[in-house]
2 protein chains.
Amino acid sequence: MSEQDVTEVFEKCLGCRYMVALLQKIHDGVRRPGQLERAVDGMTAKVLSERLKRLVEHGVVEKTSYPEIPPRVEYTLTSFGQRLLEIIDEVDELHRRARIKP
Amino acid sequence: MSEQDVTEVFEKCLGCRYMVALLQKIHDGVRRPGQLERAVDGMTAKVLSERLKRLVEHGVVEKTSYPEIPPRVEYTLTSFGQRLLEIIDEVDELHRRARIKP
DNA sequence: CGGAATCCAAGAAGATACTG
DNA sequence: CAGTATCTTCTTGGATTCCG
């Protein structure tokens, strides 16, 4: 893992394209890169692996490699990642309310 | 205000450079553009006004103009913005813990 | 002072090809 | 299947200038 302050988390792990959708899919149980690529609309394999790598570096997701042929890899949320997802939902809720009853 | 889903909030109001620092300064009571420009290290006036405009559009901050000479303007957090700040602090806390005791 | 417009440099993302 | 590397394109941010 890495880093100093929250800013990093928002800028690198939440604020870039596809990230929220990607995290939601992982949270929903989609664990393998191939599936994630198909699950997140518009995201290419290249961008996906950049995102996953970054999420691992920041301690948001965890990677497990199975030494098989063909290779199999799975990504799951860490406990920090899970809390992050709860917070995303919370912001979603707040934002929704703010739009309706401002 | 505007927008569809949370993704927008993270991408446009939290995930870009200076945003978290800017919001924290506003939360700390720095309300005028000139002061904010000086308070947030490295941020230029141009970027500042882009950010403020965006925050207003997304209902995170509120703008008040006083018709004086010279003109005076103030920005404050909306209730949604205040909740957002609390959430930023929460993520800060979580992230800090995750680094120490993973 | 606050803010918009312009121009330019730096970074993010799309498309493809290639390795283990 | 997963992941890296390269190349091109688009978006973001930095520096400067002008207007109300």
Side-chain angles (χ1 to χ4, degrees), chain A residues 2-3 7-26 29-58 60-77, chain B residues 2-3 7-26 29-58 60-77:
Chain A
S2 67
E3 306 335 317
T7 300
E8 282 275 334
V9 177
F10 286 100
E11 291 186 8
K12 306 294 185 188
C13 299
L14 294 170
C16 45
R17 206 167 171 193
Y18 309 117
M19 268 300 194
V20 172
L22 174 60
L23 287 170
Q24 286 172 337
K25 290 298 180 184
I26 296 176
V30 185
R31 304 184 165 182
R32 303 185 57 182
Q35 301 174 329
L36 287 167
E37 185 183 346
R38 276 167 260 129
V40 179
D41 186 70
M43 165 179 268
T44 66
K46 175 208 166 189
V47 174
L48 171 62
S49 55
E50 286 175 351
R51 296 287 177 274
L52 290 171
K53 197 190 214 174
R54 193 178 295 172
L55 290 170
V56 170
E57 287 169 1
H58 289 263
V60 179
V61 306
E62 210 156 34
K63 173 180 180 173
T64 309
S65 301
Y66 298 91
E68 306 171 355
I69 305 287
R72 183 164 62 96
V73 175
E74 292 189 356
Y75 291 88
T76 54
L77 295 176
Chain B
S2 68
E3 306 333 320
T7 300
E8 282 274 334
V9 178
F10 286 100
E11 291 187 8
K12 306 295 185 187
C13 301
L14 294 171
C16 45
R17 207 167 170 192
Y18 308 117
M19 269 301 193
V20 172
L22 174 59
L23 288 170
Q24 286 172 337
K25 290 299 179 183
I26 297 176
V30 185
R31 304 183 167 182
R32 302 183 58 181
Q35 301 174 330
L36 287 166
E37 185 185 346
R38 274 168 261 129
V40 180
D41 187 70
M43 165 179 269
T44 66
K46 176 209 168 190
V47 174
L48 171 63
S49 55
E50 287 174 352
R51 296 287 178 275
L52 290 172
K53 195 191 214 174
R54 192 179 293 170
L55 290 171
V56 170
E57 286 169 3
H58 289 264
V60 179
V61 305
E62 210 156 33
K63 173 180 179 172
T64 310
S65 301
Y66 299 90
E68 308 171 354
I69 304 288
R72 182 164 62 98
V73 176
E74 292 189 357
Y75 291 88
T76 54
L77 295 176

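Every chain is numbered from 1 and lettered A, B, ... according to where its sequence line falls, protein lines coming before strand lines. Side chains are part of it too, since the values below use all heavy atoms of this structure and drop only hydrogens, waters and symmetry mates. Every value quoted in this text rests on a predicted model; they were computed, and no experiment measured them.
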What is the distance, rounded to the nearest whole Å, between atom [atom1] of [X] and atom [atom2] of [N]?
{"X": "A:Glu74", "N": "D:dC1", "atom1": "CD", "atom2": "P", "answer": "15 Å"}
{"X": "A:Met43", "N": "C:dA15", "atom1": "CE", "atom2": "P", "answer": "13 Å"}
{"X": "A:Tyr18", "N": "C:dA13", "atom1": "OH", "atom2": "P", "answer": "8 Å"}
{"X": "A:Glu50", "N": "D:dA5", "atom1": "CD", "atom2": "C1'", "answer": "11 Å"}
{"X": "A:Glu37", "N": "D:dT4", "atom1": "CD", "atom2": "P", "answer": "14 Å"}
{"X": "A:Arg38", "N": "D:dA2", "atom1": "CZ", "atom2": "P", "answer": "8 Å"}
{"X": "B:Glu11", "N": "D:dC10", "atom1": "CD", "atom2": "C1'", "answer": "15 Å"}
{"X": "A:Leu52", "N": "D:dG3", "atom1": "CG", "atom2": "P", "answer": "7 Å"}

* Apply the test side chain to side chain contact (heavy atoms under 4.5 Å, CB included) to residues A:Val61 and A:Ile26: give CA-CA distance (whole Å), side-chain angles for both, the deciding distance (0.1 Å), then the verdict. => CA-CA 9 Å; A:Val61 306; A:Ile26 296 176; 4.1 Å; yes

* **Five-pair end axes of the helix from C:dC1-D:dG20 to C:dG20-D:dC1, angle between them (10°)** => 40°

* **B:Tyr75 side chain reached by B:Lys63 side chain, heavy atoms, under 4.5 Å** => yes

* **Atom pair CE/CD of B:Met19 and B:Glu11 - distance to nearest 0.5 Å** => 12.5 Å

* **Interatomic spacing from CG in B:Leu48 to CZ in B:Arg38 - rounded to 0.5 Å** => 11.0 Å

* Structure fact -> The residue, A:Lys53 or B:Cys16, whose nearest nucleotide of DNA chain D is more 5′ is A:Lys53

* Asked: Got a salt bridge between A:Glu57 and A:Lys53, using NZ or NE/NH1/NH2 to carboxylate O under 4.0 Å?
  -> no

* Structure fact -> Whichever of A:Arg54 and A:Pro71 has the more 5' nearest nucleotide on DNA chain C, that residue is A:Arg54

Would you say a side-chain N or O of [X] is under 4.0 Å from OP1 or OP2 of [N]?
{"X": "B:Arg51", "N": "D:dG13", "answer": "yes"}
{"X": "B:Arg17", "N": "D:dT12", "answer": "no"}
{"X": "B:Lys46", "N": "C:dC7", "answer": "no"}
{"X": "B:Tyr75", "N": "C:dG3", "answer": "yes"}

* To do: Apply side chain to side chain contact (heavy atoms under 4.5 Å, CB included) to A:Leu23 and A:Leu55, showing your working.
  => CA-CA 9 Å; A:Leu23 287 170; A:Leu55 290 170; 3.9 Å; yes

* Touch check for B:Arg72, heavy atoms < 4.0 angstrom, all strands: base, sugar-phosphate only, or nothing? -> nothing

Among [options], which nucleotide has an atom closest to any side-chain atom of [X]?
{"X": "B:Arg32", "options": "D:dT4, C:dG2, C:dG14", "result": "C:dG2"}
{"X": "A:Val73", "options": "D:dG3, D:dG13, C:dG2", "result": "D:dG3"}
{"X": "A:Pro70", "options": "D:dA15, C:dG3, D:dC1", "result": "D:dC1"}

* Test side chain to side chain contact (heavy atoms under 4.5 Å, CB included) applied to B:Met43 and B:Arg51, step by step -> CA-CA 10 Å; B:Met43 165 179 269; B:Arg51 296 287 178 275; 3.8 Å; yes

* **Whether B:Arg72 side chain and B:Arg32 backbone form a donor-acceptor pair below 3.5 Å** => no

